[in-house]
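Residue numbers begin at 1 in each chain, while the letters A, B, ... track the order of the sequences.
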Amino acid sequence: MKALFSDGSVREEEDALHVLRHTTSHVLAQAVKRLYPETKLAIGPAIADGFYYDVDREGGFTDADLEKIEEEMRKIVKENLKVETFTLPRAEAIKLMEEKKEDYKVQLIKDLPEDAAISFYKQGEFTDLCAGPHVLYTKQCKAFKLTSLAGAYWRGDEHNKMLTRIYGTVFENKEDLDKYLAMLEEAKKRDHRRLGKELGIFMFSEEGPGFPFFLPNGMTLKNTLLNYWRGIHFPEGYKEISTPLILNKHLWEMSGHWDHYKDNMYTTTIDDEPYCIKPMNCPGSTIVFASESRSYRDLPLRLGEFGIVHRHERSGTLHGLFRVRCFTQDDSHIYVTPDQIEQEITNVVRIIDRVYRQFGFKYHVELSTRPKDSMGSDEDWENATNGLIHALGTIGLPYTVNEGDGAFYGPKIDFHLEDSIGRTWQCGTIQLDFQMPQRFNLEYVGADGEKHHPVMIHRVVFGSVERFMGILIEHYAGKFPVWLAPVQVKVLSVSEKSREYAAKVTSRLMAAGIRVENDARDEKIGYKIREAQLQRVPYMLVIGEKESEEGTSVAVRSRDRGDLGSCTTEEFISTVLRQNAERQD
RNA sequence: GCCGCUGUGGCUAAGGGGUAUAGCGACGCCUUGGUAAGGCGUAGGUCGAGGGUUCAAUUCCCUCCAGCGGCUCCA
């Protein structure tokens, strides 16, 4: 697509959508200024699937305003204004924006380098500070739609004023826009919050905002995942422990949590003593480590725990199973000698990759470095961070750096997974920690007969089992593979005459260890199939008079492939058991 | 927590100053039906909670709670 660059030249620009979106954000700002001239403009960039503009107006905006703005934007598009650009020296640029009373723009210019020439873009009566590039005429922005209204802090800092952010999207033509909107509709159908309810996996109650309830199907899914986890980890030398939910407050003071994490911690009192409900499992694990003397021969010591943690998250941040106040971490704390760090991190990365591959997940990796609020010496942090960088380099894993997002006790490697609409959520993480072993005075006896502090690796693969389940639900759109399906087989009797044999088949499958349910209701077979299908049960066994009389066979219907014809019950059982054992999709 | 929106039987929704509708589901009866909804009937709601305005509030106003989309924060 041809684009107008800030040097005044018109050249081809690869990322057509980006340019188009950026220009449409200007069209949005222009419409807002026409309708509400007192509004001050902040920033208006193109983003992954659209654009936004942050604006500041006394009283804000409502959904009704959005419609008016959209209408005005349509006019601007129709006027087909020519987009022009010009540059000004800094002082004049500031003067221009001051005249227009665009306080935020003035601030933006003042933050640019002293000697920079400041570029502007102009369409009709509207002029905006902008680096460009832009499309050539406003008519190109016709396939747009404003999508939502939100608050956003000036410069992303919650101490600053909250502005109104207007979100929209635009495509090169109406078909693409409609396709995108239809895709969003489709994605809504796989939303884990909706499917979680429909499939009887989990629920929430007003009595406990952010605290999920797991229903029978959800517990089956969760336990299946945990057993899969055990099957992966035990052969890798992990041992499983369990530590208390509630521990004395002084432990949390010692670990540093009270200093650095207390805003997220729930507390209680027992016998007049203050206690904390654990937000992390590490202090409990250190108590286990310290409970007996350890030798270098015991290391790496890999202590795993399905730890239930409670964290106070701000009410506006809760989001289905993705962001809760109580969740299960598939946690492990690995105690190593300094020269075991790299090998052990490599092992963990391999496990995480193996697990994510099992589910066919795409993921990306981030290295999170020292946050502002942290503890420990500069030297420790540097060593730990370099250790992670070195390990990542050795493995050859591509990653981006997430500055200042580490844990308060150490840097970390984060693994992010995508949900159904492309938002990413941190799941796996590997954290390198020199602090806890010092704070809790953890020691092992080295080959030299001296005592040494071990290094602690905190790591999770699923991350939060709850969040992981949410991702899984959306990934499969509820159609779990046989090995994960809460109900693997549904037996459907055609009529009363086949009830007895259906019950027999059900018990035979149950005895074989298959998760099976028998639908013996007085309903037509089509109705029962519809229901089982909506519940995404992988296999349905249709049991009618034919099967009852024959006595050894079943008619198999697959959720994905429809009627498969009949086979013997034993054949069917071995098929399901094999798919279950091999974890086939 | 902040900004905007939403909150009606188990679920999905309609309605709107004169105390409520429908579909699905549940239950009962009839039907015994072979691969995605058989028929008839019955029950079920202090319209999120608390205040206010009004002769009268589920409807208008305020506060709170919860949910949704974002921001900030994070597994």
Side-chain angles (χ1 to χ4, degrees), chain A residues 52 54 60-66 147-167 188 191 193-194 197-198 203-210 261 263-264 279-280 307 309 311-331 368 371 405 407 412 414-417 421 423 425-429 431 458 460-468 470-471 492-499 522-534 540-547 555-559 562-566:
Chain A
Y52 67 78
D54 284 349
F61 291 89
T62 66
D63 282 359
D65 298 329
L66 219 55
T147 49
S148 65
L149 218 45
Y153 301 105
W154 167 236
R155 297 196 151 149
D157 186 334
E158 66 175 319
H159 302 293
N160 289 342
K161 183 166 186 188
M162 180 163 273
L163 313 173
T164 305
R165 176 168 296 179
I166 303 172
Y167 280 95
K188 265 191 208 162
D191 190 307
R193 292 166 296 188
R194 172 180 174 148
K197 190 184 274 182
E198 282 175 16
M203 57 169 272
F204 285 94
S205 158
E206 285 201 11
E207 304 297 342
Y261 209 72
D263 289 349
N264 290 292
M280 297 190 196
V309 295
R311 299 181 183 177
H312 180 70
E313 302 295 348
R314 298 208 264 184
S315 60
T317 65
L318 302 176
H319 186 104
L321 288 183
F322 288 165
R323 195 76 194 282
V324 291
R325 285 175 172 156
C326 168
F327 58 99
T328 314
Q329 291 184 305
D330 61 315
D331 216 345
S368 294
D405 205 37
K412 52 184 187 157
D414 297 325
F415 294 73
H416 293 250
L417 296 176
I421 58 172
R423 289 181 292 213
W425 299 84
Q426 187 192 312
C427 291
T429 173
Q431 311 176 347
H458 309 235
V460 289
V461 179
F462 297 145
S464 142
V465 179
E466 285 73 5
R467 176 179 286 182
F468 198 81
I471 302 261
L492 313 175
S493 45
V494 173
S495 77
E496 204 179 310
K497 294 178 192 129
S498 45
R499 255 188 213 165
D522 182 15
E523 293 289 352
K524 285 195 161 178
I525 191 66
Y527 184 88
K528 293 186 185 182
I529 286 171
R530 179 185 155 79
E531 235 174 52
Q533 194 76 38
L534 288 174
M540 288 151 262
L541 295 182
V542 176
I543 307 293
E545 286 186 75
K546 214 172 93 199
E547 289 75 19
V556 183
R557 183 190 162 92
S558 147
R559 168 188 68 195
D563 191 348
L564 298 183
S566 59

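A/Val309 places a side-chain heavy atom less than 4.5 Å from the side chain of A/Phe327. Side-chain contact between A/His458 and A/Gln329 is absent, with no heavy-atom pair separated by less than 4.5 Å. Residues A/His312 and A/Arg325 form a side-chain contact, since some pair of their non-hydrogen atoms from C-beta on lies under 4.5 Å apart. In this structure, A/Val324 and A/Leu318 have side chains that are not in contact, with every pair of non-hydrogen atoms separated by 4.5 Å or more.
Contacts of A/Lys497 classified as salt bridge (Lys or Arg N to Asp or Glu O under 4.0 Å), with partners at least two apart in sequence or in another chain: A/Glu545. Evaluation of the side-chain contact (heavy atoms from CB on, under 4.5 Å) rule for A/Asn160 yields A/Trp154, A/Arg155, A/Asp157 as partners, not counting sequence neighbours. In this structure, the salt bridge (Lys or Arg N to Asp or Glu O under 4.0 Å) partners of A/Lys161, at least two apart in sequence or on a different chain, are A/Asp56. The salt bridge (Lys or Arg N to Asp or Glu O under 4.0 Å) check on A/Arg193 picks up A/Asp191, with sequence neighbours excluded. Listed by chain and number, the residues in a side-chain contact (heavy atoms from CB on, under 4.5 Å) with A/Thr317 are A/Glu313, A/Arg314, A/Arg323 (sequence neighbours excluded). Every side chain to side chain donor-acceptor pair (under 3.5 Å) that A/Thr328 has, sequence neighbours left out, goes to A/Lys222, A/Glu466. Annotation: side-chain contact (heavy atoms from CB on, under 4.5 Å) contacts of A/Ile525 (sequence neighbours excluded): A/Leu492, A/Val494, A/Ile529, A/Val542. Qualifying salt bridge (Lys or Arg N to Asp or Glu O under 4.0 Å) partners for A/Asp414, counting only residues two or more places apart in sequence or in other chains: A/Lys412.
Taking atom C1' on both B/C61 and B/G10, the two are 32 Å apart, rounded to the nearest angstrom. For the C1' atoms, the distance from B/U21 to B/G16 is 12 Å, rounded to whole Å. Here, B/G69 and B/C24 have their P atoms 29 Å apart, quoted to the whole Å. Taking atom P in both B/A49 and B/A20, the straight-line distance is 16 Å, to the nearest Å. A gap of 26 Å separates the P atoms of B/G9 and B/C40, to the nearest Å. For the C1' atom pair drawn from B/U12 and B/C74, the interatomic distance equals 33 Å after rounding to whole Å. Separation of the C1' atoms belonging to B/A57 and B/G17 is 6 Å when rounded to the nearest angstrom. B/C68 sits 34 Å from B/A56 when the C1' atoms are compared, rounded to a whole Å.
Which of B/U32, B/G34, B/G38 sits closest to the side chain of A/Ile525 comes down to B/G34. Closest to the side chain of A/Lys546, from the set B/G67, B/G34, B/A75, is B/G34. Relative to the side chain of A/Asp563, the nucleotides B/G69, B/C74, B/U35 differ in distance, and B/U35 lies closest. Candidate nucleotides B/G67, B/A37, B/A75 were compared by shortest atom distance to the side chain of A/Leu318, and B/G67 ranks first. Among B/A75, B/G34, B/C68, the nucleotide with an atom closest to any side-chain atom of A/Phe327 is B/A75.
A/Ala555 comes within 4.0 angstrom of a base, heavy atoms only. No engagement by A/Asp414 is indicated, since no non-hydrogen atom pair under 4.0 Å with the nucleic acid exists. Using a 4.0 Å heavy-atom criterion, one finds that A/Arg557 contacts the bases of the nucleic acid, with or without backbone contacts as well. As judged by a 4.0 angstrom heavy-atom cut-off over every strand, A/Val460 is placed among residues making no nucleic acid contact.
The distance between atom NZ of A/Lys528 and atom P of B/G38, rounded to the nearest whole Å, is 12 Å. If you measure from atom CD of A/Glu207 to atom P of B/A66, you get 11 Å, rounded to the nearest angstrom. A straight line from CZ of A/Phe204 to C1' of B/G10 spans 19 Å, rounded to a whole angstrom. For the pair A/Leu321 CG and B/G67 P, the computed distance is 13 Å after rounding to whole Å. Atom CH2 in A/Trp425 sits roughly 12 Å away from atom C1' in B/C73 (whole-Å rounding). The separation between A/His319 atom NE2 and B/C68 atom P is 7 Å, rounded to whole Å. Spacing between atom OH of A/Tyr261 and atom P of B/C74 amounts to 8 Å, rounded to whole angstrom units. Taking atom CD of A/Glu313 as the reference point, atom P of B/U72 lies 15 Å away to the nearest angstrom.
Defined by atom type and a distance below 3.5 Å, a donor-acceptor pair is present between the side-chain atoms of A/Ser493 and A/Lys528.
Here the CZ atom belonging to A/Phe204 is positioned 5.0 Å from the CG atom belonging to A/Leu321, to the nearest 0.5 angstrom.
For B/A75, one of the phosphate oxygens OP1 or OP2 lies less than 4.0 angstrom from a side-chain nitrogen or oxygen of A/Gln426. One finds a side-chain N or O of A/Arg423 lying less than 4.0 angstrom from the OP1 or OP2 phosphate oxygen of B/G70. Residue A/Arg193 has a polar side-chain atom (N or O) positioned under 4.0 Å from OP1 or OP2 of B/G69. For A/Lys412 and B/A75, the shortest distance from a side-chain N or O to OP1 or OP2 is below 4.0 Å.
Nearest-nucleotide mapping onto RNA chain B: of A/Gly463 and A/Ile529, the residue sitting toward the 5' end is A/Ile529. Residue A/Lys197 is the one, among A/Lys197 and A/Phe462, whose nearest nucleotide of RNA chain B lies closer to the 5' end (criterion: closest heavy atom).
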For nucleotides 25-27 of chain B, print each protein N/O atom paired with a nucleotide N/O atom at under 3.5 Å, atom names and distance only.
| unit_1 | atom_1 | unit_2 | atom_2 | d |
| --- | --- | --- | --- | --- |
| B/G25 | OP1 | A/Tyr527 | OH | 2.8 |

What N/O pairs connect the protein and nucleotides 1-4 of chain B at under 3.5 Å? Give each pair on its own line.
| unit_1 | atom_1 | unit_2 | atom_2 | d |
| --- | --- | --- | --- | --- |
| B/G1 | OP2 | A/Ser315 | OG | 3.1 |
| B/G1 | N7 | A/Gly316 | N | 3.1 |
| B/G1 | N2 | A/Tyr153 | OH | 2.4 |
| B/C3 | O2 | A/Gly151 | N | 2.9 |

Which atom pairs link the protein and nucleotides 45-48 of chain B when you take only N or O atoms and keep those under 3.5 Å?
none

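For B/G38, the base has no donor-acceptor partner in the side chain of A/Asp522 [N/O atoms by modelled type, under 3.5 angstrom].
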Dot-bracket pairing map - RNA chain B, Watson-Crick plus G-U, both contacts under 3.5 Å, | cross-strand: (((((((..((((....[..)))).(((((.......))))).....(((((..]....))))))))))))....
